[in-house]
Structure formats: structure tokens, C-alpha cells
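A short worksheet on the structure shown next.
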Amino acid sequence: MGNMLLKNCIIFDGTKVNTQIQEILIQDDIIKEIGKSVTTISEDTTVIDLGESYVIPGMVDCHTHLGIIEEGVGKIGVDNNETSNPVTPQLRGIDAINPMDMAFKDAVRSGITTVMSGPGSNNAVGGLSAAIKTHGRIIDRMVLRYPIGLKIALGENPMSTYGVNGKCPVTRMATAALVRELFMRTQDYISLKEKGELKERNIGFEAVIPLLKGEISLRVHAHRADDIVTAVRIAEEFGIRKLVIEHGTEAHLVKDFLIEKGVPVAFGPMLTPRIKMELRNRHYRSAVELVKAGVKLALITDHPYNSIDQLRTVAILALSEGLSPKEAIKSITINPAEILECEKRIGKLEEGYDADIAVFDKNPLDISSKVLMTIINGNIVYSYEEMT
């Protein structure tokens, strides 16, 4: 697309609603300048008058299986759980993400510009996740950051997958033990490697090394409060500094503990029935309580368990339980960007950030508002006018 100037923007970026009309200059895929009047533009700059439309940062969903569980293709497109083994740290989400999955178009049409996509939660250890942009055909060129975390799962899912067949893990204790065993053996592996005594590389241990060295996060599927505390316990045992609780249905019950430990929560999905015991206490009030207590919280769809295009809907519904408009926008922009450790590139409308932008005809927290335009890396990837 080249250079672009967006005129007559009402900016709503999660920190404030700027009622003054602003202009946004995009150059070389980044936001070059934001101000009342941008005067220094090159001759090749495309000027687009948004007519006082609302502009927010491209939305971010920090927990999905986008492209890994494909839509409209049946079982052949379900690649999220390698249930042949409960411990699979070596699995790389990017090897299963299909950018041609129709859900990517839904994401773009909804103003969602970045997602985390990775393995599922049937295994005690699932594999590595990636932060990706939602537009493109070659996944390697869509990657924003990889890997971003190692997935483990506590609670019902591993036991329901393996324990019902008499295989390990049958209990919560066994699930935690499998995780500990992997981390211990990786520590031994690192020691041999550093001493130059390693005889053979191991793909599983190699996948865990970035976690134990503090380069990526431990991303833990945990609903119940006790499982959340177990996740913190395991992280501290191995000196893991970066931990994210995914789902966090009962996180509000241990909110002070999470604040003390500095642990964020990727909360949801919300638009599903409570089909598991662990979901009994799920409610939007939990999210509001966590935010008011000071826990960093991002709302998620867990696509396809909630469709990716429902991310903004979840934020709007949280408003009815007391989440402020500012925090609602932060929960789908700034906060997930920080949880993905991509906060210096996405999640805000600031100079130097990736030009990932969603344009709405009115306040984006109005359920009747619609996305007029989605921009990713400075390119218009969706236009409502062109679709109608």
C-alpha cells in the first residue's frame, strides 16, 4: 500500500478517548506520526478521510487455536492435541497453523490483527505457541514472535484424555509429576550441554530450554483455584519467571496471591455452556473482580471454542458486569499485547508501533458498531465498503 495518512480519526486506545480529531501517518508499515494536523507527507502518500470514525489499535487475542483447529473441513483439520503421548514439548504450533483457514478472514473482518495460536490442553505438556498476525498466506511471514510460550495443562483435560483409559495421568498429582519430570530432565540436559558432555540432542528438552532460561513464558491451562496455585508452585520450583494462567475460571478466588506473584490471566472463553465441572464458577464478575484487584487480565475467545469474531462481544458483555470502557478496550489490546511480550510493537496507537489499526463507524464498545476497515502492517486488509 505504501505510505498512508488517515484523517479525521477519533482515537480510542485503551488509555483515553481523544475527542479531538486526529490524523495518523503510516510509513514503512509503522505509525510514523499522530497529531491534530500532519503536514509533512510525501507525494506517494495515500490520504484517507475516515469522517470522524473511531480508531482503535488492532485487537489482540492472546489465546486461540486459530488455523490449528480449522473450520469447515471436519476432523482432518483438527491438529491441536497429539494424544499419542501426554508429554509433547517438542510440538511446534506453527507446523499446524493453516493460514488458509477461513477463520483468518473472520479475524480480519472483526478488527483482530494479532493472535496467539498453539497446541491444545489434552496433554500435560502440549508444545510451543506463536504470536502471529492474522493476514497472509505463509505462516513464517506472519509470525510476530515465536516461540512465545510452552503450554502445559492442569486439571480435568489430561485426566479425561488419558486417565479414563488407565494411562498416566490418572490424577492431578500425576499431571504435575509429569511436568516436573520433564523440567528436571531438561535441567540435567542443560548441565551436560554446558559441560560439553552431551552425546545426543533431544528435541523435547531443547524445546524446554528457552522456558527454563527465562526467554519464554510457561502458559498454563488452569481453571480451578487449586490448579492455579499448583502452576505457581511448579514455576517457582524451577525458577520460571514468566507465567501466564490461561482460562482462570476461579482466579478471582486467589486474586491477592496472583497479584503478589505478578501473574496475569488470559480469561475465558465465556460464550460456551458450562460443560465441565471446572466451569461451574465461571462468570463475568470474576473478570471484573480480577481487574479491580489489579490483576493484568486479557479476554480471550479460545477460538474455535468461541468464534474469533466474538472477541469484542465478550468485552462488551463484561461492561454489563461493571468492567469500565477503558479496561474493556485494554483487555483486548494493551493487556494481551503485554502478555505476549509484544507490547513494544502492538496494542497501542503510538508512534513507532506496527500500523495495526481497526476503524469503526461508532464507539467500538457499542454492540451495533461495525468494522469499517482493518489495517495490518500498514496495509488495508479489509474494507467494509469493498465488501458491500
Side-chain angles (χ1 to χ4, degrees), residues 29-30 57-70 79-82 87-101 103-104 107-108 112-121 123 125-153 182-183 186 190 201-221 240-244 246 264 266 298 300-304 308 333 335-347 353-356 376-377 381:
D29 305 339
I30 66 169
M59 289 180 281
V60 182
D61 191 333
C62 68
H63 180 88
T64 80
H65 308 284
L66 194 70
I68 294 179
I69 305 178
E70 298 176 51
D79 279 325
N80 59 320
N81 289 299
E82 180 58 46
V87 180
T88 55
Q90 70 275 17
L91 300 186
R92 302 179 182 184
I94 57 171
D95 292 333
I97 300 173
N98 181 6
M100 309 304 172
D101 176 12
F104 278 94
V108 168
I112 299 167
T113 56
T114 299
V115 301
M116 182 286 288
S117 189
S121 54
N123 287 356
V125 182
L128 299 166
S129 303
I132 60 173
K133 298 294 181 79
T134 55
H135 180 73
R137 293 185 176 181
I138 300 172
I139 192 63
D140 304 72
R141 296 176 182 175
M142 298 161 64
V143 168
L144 179 62
R145 183 166 178 260
Y146 173 81
I148 60 159
L150 179 70
K151 172 71 169 285
I152 71 170
L182 173 67
F183 291 174
T186 302
I190 291 172
R201 288 188 297 171
N202 181 287
I203 190 172
F205 300 151
E206 289 286 346
V208 182
I209 290 175
L211 172 69
L212 298 186
K213 289 192 172 182
E215 297 169 5
I216 63 174
S217 298
L218 180 62
R219 301 182 62 96
V220 185
H221 168 108
I240 295 169
R241 301 188 296 273
K242 300 175 181 179
L243 171 65
V244 179
E246 298 180 327
I300 64 171
T301 64
D302 195 12
H303 177 89
I308 188 67
T333 56
N335 291 354
E338 291 180 350
I339 288 173
L340 295 177
E341 298 183 73
C342 297
E343 71 276 11
K344 293 183 179 179
R345 288 187 57 182
I346 62 171
Y353 275 63
D354 288 9
D356 294 350
I376 297 179
N377 296 331
V381 297

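If you read the sequence from its start, that first residue is 1, and numbering goes on from there.
- In this structure, Leu144 and Asp354 have side chains that are in contact, with non-hydrogen atoms separated by less than 4.5 Å.
- Taking all atoms of both residues into account, the shortest heavy-atom contact from Ile112 to Thr134 is O-OG1, 2.7 Å.
- The structure places CD1 of Ile94 at 7.5 Å from CD1 of Ile139, a figure rounded to the nearest 0.5 Å.
- Side-chain atoms of Thr88 come within 3.5 Å of backbone N or O of Val125 as a donor-acceptor pair.
- The shortest heavy-atom contact between Ala131 and Cys342 is CB-SG, 4.3 Å.
- Taking the side chain as every heavy atom from C-beta outward, Ile308 and Phe104 never approach each other to under 4.5 Å.
- Annotation: the span from Asp101 atom CG to His303 atom NE2 amounts to 5.5 Å, rounded to 0.5 Å.
- Residues Ser117 and Ile97 share a closest heavy-atom pair of CB-CD1, 3.8 Å.
- Side-chain N or O atoms of Ser217 include none that pairs as donor or acceptor with a backbone N or O of Arg219 at under 3.5 Å.
- One finds the CG atom of Asp79 at 10.5 Å from the CG atom of Leu91 (value rounded to the nearest 0.5 Å).
- A 4.5 Å side-chain heavy-atom check between Asn335 and Pro264 finds every atom pair outside the cut-off.
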| Going through the distances and angles, do Leu66 and Asp61 end up as a side-chain contact (heavy atoms from CB on, under 4.5 Å)? | CA-CA 10 Å; Leu66 194 70; Asp61 191 333; over 6 Å; no
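- The shortest distance between side-chain heavy atoms of Arg92 and Pro147 does not fall below 4.5 Å.
- In this structure, the separation between CG on Leu150 and OG on Ser129 is 8.0 Å, given to the nearest 0.5 Å.
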| Residue pair Asp302, His65: steps toward the side-chain contact (heavy atoms from CB on, under 4.5 Å) verdict | CA-CA 7 Å; Asp302 195 12; His65 308 284; 3.1 Å; yes
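- Note that CD1 of Ile216 is 5.5 Å distant from CG of Leu128, once rounded to the nearest 0.5 Å.
- Nearest heavy atom pair, residue Ile68 against residue Pro119, reads CD1-N, 4.3 Å.
- Note that CD of Glu206 and CD1 of Ile190 are 9.0 Å apart. Values are rounded to the nearest 0.5 Å.
- Residues Met142 and His135 are not in side-chain contact: their nearest non-hydrogen atoms beyond the backbone lie 4.5 Å or more apart.
- Here the shortest heavy-atom pairing between Asp356 and Asn377 reads OD1-N, 2.8 Å.
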| request: Could you please spell out the steps behind the side-chain contact (heavy atoms from CB on, under 4.5 Å) verdict for Ile240 and Leu212? | output: CA-CA 6 Å; Ile240 295 169; Leu212 298 186; 4.1 Å; yes
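- More than 12 heavy atoms of other residues, nucleotides or ligands shown are found within 6.0 angstrom of CZ on Arg145.
- Side-chain atoms of Cys62 and Ile300, non-hydrogen and from C-beta on, do get closer than 4.5 Å to each other.
- Side-chain contact between Glu246 and Ile339 is absent, with no heavy-atom pair separated by less than 4.5 Å.
- Remark: the backbone N or O of Glu82 is paired with a side-chain donor or acceptor of Asn123 at under 3.5 angstrom.
- By the ring-ring contact (aromatic ring centres under 6.0 Å, His included) test, Phe183 pairs with Phe238, sequence neighbours left out.
- For the pair Glu343 and Glu338, the tightest heavy-atom approach, listed with the atom from each and the gap, is CB-CG, 3.5 Å.
- Counting only heavy atoms from C-beta outward, the side chains of Val244 and His63 never approach each other to under 4.5 Å.
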